Amino acid sequence: MKYIWLCLTLFVSNLSFANGYTNTANVVDLEIIRAQGFQLRGEFGNPSNCTVTNTVFISVQHPQYERLLSVALAAYMSGKKLQIYSHQCTEYGWHGGTHNELTSAGSMYLKNE
């Protein structure tokens with residue numbers, strides 16, 4: 001019985017319940033990924049404890065995809081910083097690993113910092 005509780009405890013503790021805001025960072029690179037969405041790279045950190053750090057993915061399925069892409073491009077072009085709320089990790093295509101994802105429950109801030 002102790003073995004079962006130990007296994008359950010380890011399993012539950014390893015689930016990724018983490019989420020939160022990225023570091024406030026400049027967009028170093030913005031990549032449009034096929035018909036899947038776009039990826040931002042910068043010193044964003046890893047709020048969702050994904051296997052790949054400093055990236056944030058926004059799916060083309062996001063209800064505000066066009067607006068978010070516009071804000072990301074504005075930040076990139078103006079040198080302003082972004083802070084993004086990531087709820088989960090996602091894996092997409094040939095990039096390998098899991099990346100922080102901005103879902104419809106998250107937010108993106110354009111900052112002057």
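Please read these numbers as outputs of a predicted model, since none were measured by experiment.
Taking T51 as the reference, T98 meet the side-chain contact (heavy atoms from CB on, under 4.5 Å) condition, with sequence neighbours excluded. Scored by the side chain to side chain donor-acceptor pair (under 3.5 Å) test, T90 finds no partners at all (sequence neighbours excluded). Legend: residues meeting side-chain contact (heavy atoms from CB on, under 4.5 Å) with Q88, ordered by chain and number and at least two apart, are E101, T103. Evaluation of the side chain to side chain donor-acceptor pair (under 3.5 Å) rule for E91 yields no partner, not counting sequence neighbours. Legend: residues meeting side chain to side chain donor-acceptor pair (under 3.5 Å) with N46, ordered by chain and number and at least two apart, are N100. Scanning for side chain to side chain donor-acceptor pair (under 3.5 Å) contacts around T24 gives an empty result, with sequence neighbours left out.
A continuous path of Ile, Leu, Val, Met, Phe, Trp and Tyr side chains, each step under 4.5 Å between heavy atoms, connects I84 with Y65, placing both in one hydrophobic cluster. The hydrophobic cluster containing F57 does not contain L30, counting ILVMFWY residues as joined when their side-chain heavy atoms lie under 4.5 angstrom apart, directly or transitively.
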Under 3.5 Å donor-acceptor pairs involving side-chain atoms of residues 32-45, not counting sequence neighbours:
from	atom 1	to	atom 2	distance (Å)
Q39	OE1	Y92	OH	2.3
R41	NH2	D29	OD2	2.9

Report all side-chain donor-acceptor pairs from residues 66-78 shorter than 3.5 Å, counting only partners two or more places apart or in another chain.
from	atom 1	to	atom 2	distance (Å)
S70	OG	E66	O	3.1
S78	OG	A74	O	2.8
S78	OG	K80	N	3.3

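Across every non-hydrogen atom of S48 and C89, the tightest pair is O-SG, 3.2 Å.
Within the model, atoms OG of S107 and CD of Q83 stand 8.0 Å from one another, a figure rounded to the nearest 0.5 Å.
If you chain together ILVMFWY residues whose side-chain heavy atoms come under 4.5 Å of each other, Y109 ends up grouped with Y21, Y85.
M108 has its side chain out of reach of Q64: every pair of non-hydrogen atoms, C-beta onward, lies at least 4.5 Å apart.
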